[in-house]
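Since the structure comes first, as structure tokens, the remarks are kept for the end.
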Amino acid sequence: MMRATTLLLMSMLLPLPALADDVVHDAEYYVLKLQHGEKWKQEDQELEQKLQQLRQKYGQPPNIVYLLWDDTAFGAVGFPALQKNFGYTTPNINKLAAEGINFTRMYSEPSCTPTRAAFLTGRHPVRHGMGVVGMPHEFSGMREEEVTIAEVLSKNGYATAFFGKAHLGDIEESYLHNQGFDEALFTPMNQITSLYNPQANAVNAVLGFAPEIYPPDPYRLDTPGLIPEGWVMNIEGKKGEQGKEWCGTSNECFAKFDPEAERRTIDFIRRNAEAKKPFFVAYWPNFLNFLAVYNPKNSVAGLMVADAFPAVDDFVGQLMEELKTLGIAENTLFIAMADNGPMVHSPPTGWGMLPMLYRGGKGDFTEGGVRVPAFAWWPGMIEQGQTVGDIIHVTDLYTTFARLGGAKDNIPTDRVVDGLDQTALLLKGDTHSRRDYVFIYAGHELGATVKGRYKRHWIGAGDVAASGMPEAYFDLYMDPREENPQLTPLIHTQGQFNRMVARHELMKKKYPDVPNAKGIPYTGLANARPETKAIAERVKQVTEELPFSVESYLEFYLPGSDKVGDWGH
């Protein structure tokens, strides 16, 4: 008891971070390090020996493949018994889970853009203004000052590539080939663009997007007005070069995108395997085409998500076989996961996005929004058949990949990096996580805090009693759906949760949050269409007529705008 009290007092008084040259983590990490640091140091020595043996065998650090898809509830894949109840199956993803680690507490951010930004930077998106979902024209995106995992690994000799849905903004500095990737084919926005065409307008899937299919409106004064004319669906590019628009903006181009991204992913792997160069490749499929017609249906369920899974599942199987055929499976870590929970709030009819075990979904800070299916496969390095109950967060992959690639020295030390090194969890298995906490943001507002099995809601905590004590505490073992808040049984945690957030906020005060980058959409494209180039000209013309500059116009914060697309509110 005395030792525990001493550790707690030390954790409250210790200057953070302890070592100026170390990667700076959030305060809660140092509380844990005080208690487990010596054990972790010994583990790290053992792990380094194992990794060094692998490097000696292959003459290079391990390759890394990262697959990320959309909007899937925990349990929807990787659990064949559950799938029996829902009329579909994903045999290859299930095999991936069975032959490696099936994570049961992988936390993401609540929606697409935040999770993708969190992975690439190893930082909660609130720290760099990427906490909300953008739509065209967004006039913003990820800052060039962020240091992505592609940049970290590139500095250590890795070939890097990105193919798929980025959803990180529509400005030039956010393009993936400008964020550390040697080559990229990506979408600046999300799957909603599959509806941005006359066909979708004709069936009222979108309204007023294609005015040319309507009779002339005598009252329409502004052209293009509310239409994001000149928007770009897909961009390809190489590091140090201008990007190019790829294919176009039709639904046909949308449908061609995932197959082309898959082809490029396999080609990239083959090229670098032949060259004996370590590689990191991210494939993030669009996964769902909102205008797709499945006739005949791909599953007995006949629902949109169930019918879309076979394409991703087939590629997972192809990828696993390819790595084995090339003789590099033992030297390649393959991580596959969803970016957030299912879209359970007003989903389109017949999609089959089920919340399953946990309450809520996309945009929520409840477990249904942020606890996602996730799997790790690494033959010979990761023991088969593991179900891991430790907490892991998507930001942890950033630091873990850097460690595996021998590139941890390339992680910036002038900012908080939320991601923790989880190499021990991958290679030693269950109970070896270095995290027992998660801060869950709804947009840029703290929504909830998890500590082990317990959770505290900060938003929507219900009516506060005269005592000032809200019913906002949950035991996730007893109440995984967060439907029965506790007061008396868990009120002893109130002060401790308050202190957790105090430490978190003090670190934010030491390392302040910054906004995302602002700019003119879709510049830096060698083959830009006239209507795309006209976006900048329209902004210039409008601001010349008004008493403010282009810069002040782009930088202006519209109160409440960060709640758009934030289902948690």
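Along the sequence shown, the residues carry numbers beginning at 1.
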Any donor-acceptor N/O pair, [X] side chain to [Y] backbone, under 3.5 Å:
X	Y	answer
N289	F254	no
T187	N190	no
N201	F209	yes
D170	E138	yes
D307	N298	yes
Q422	T400	no
T160	S154	no
S111	K362	no
N286	F257	no
E151	G180	no

Using the ring-ring contact (aromatic ring centres under 6.0 Å, His included) rule, pick out the option among F181, F119, Y175 that qualifies with F162.
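Among the candidates, only F181 passes.
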
Tell me which one of F79, Y107, F103, F375 satisfies ring-ring contact (aromatic ring centres under 6.0 Å, His included) with F74.
F79

Flag for [Y]-[X]: side-chain donor and acceptor within less than 3.5 Å:
X	Y	answer
S194	N251	no
N94	Q83	yes
K297	N295	no
Q191	K165	yes

Going from [atom1] on [X] to [atom2] on [Y], what distance comes out if it is rounded to the nearest 0.5 angstrom?
X	Y	atom1	atom2	answer
E274	I328	CD	CD1	11.5 Å
T113	H167	OG1	NE2	3.5 Å
E531	T249	CD	OG1	8.5 Å
W377	L67	CH2	CG	13.0 Å
E146	E173	CD	CD	10.5 Å
W246	L525	CH2	CG	15.0 Å

Set out, in order, the CA-CA distance, both residues' side-chain angles and the distance that settles ring pair (Phe, Tyr, Trp, His ring centres under 6.0 Å) for Y66 and F280, then state yes or no.
CA-CA 8 Å; Y66 181 52; F280 162 59; 7.4 Å; no

If you define the side chain from C-beta out and look only at heavy atoms, does anything of [X] sit under 4.5 Å from [Y]?
X	Y	value
V542	E545	no
F365	E445	no
S299	F309	no
M142	T148	yes
I171	F139	no

Could you list all the side chain to side chain donor-acceptor pair (under 3.5 Å) pairs where at least one residue sits in residues 329-344, not counting sequence neighbours?
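Listed by first then second residue: K57-E330, Y58-E330, N63-T332, D71-N340, R116-D339.
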
Please walk me through it: do Y283 and F315 pass ring pair (Phe, Tyr, Trp, His ring centres under 6.0 Å)?
CA-CA 10 Å; Y283 170 51; F315 185 68; 5.0 Å; yes

Sole residue of V417, V514, D418 in side chain to side chain contact (heavy atoms under 4.5 Å, CB included) with R127
D418

Is it true that E183 and R271 have a side-chain N and a carboxylate O under 4.0 angstrom from each other?
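Judged by the 4.0 Å cut-off on N to carboxylate O distance, E183 and R271 do form a salt bridge.
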
Over 60° means perpendicular and under 30° means parallel, so classify the ring planes of F186 and H177, tilted if in between.
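Rings of H177 and F186: tilted, 30 to 60°.
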
Angle between ring planes, H124 versus Y441, binned at 30° and 60°: parallel, tilted or perpendicular?
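Because their plane-to-plane angle lies in the 30° to 60° range, the rings of H124 and Y441 count as tilted.
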
Please list all pairs passing the salt bridge (charged side-chain N to carboxylate O under 4.0 Å, His left out) test where one or both residues lie in residues 311-327, with sequence neighbours left out.
R270-E322, E321-K324

Tell me the salt bridge (charged side-chain N to carboxylate O under 4.0 Å, His left out) pairs involving residues 236-249, sequence neighbours left out?
D182-K239, E236-R264, E245-R529

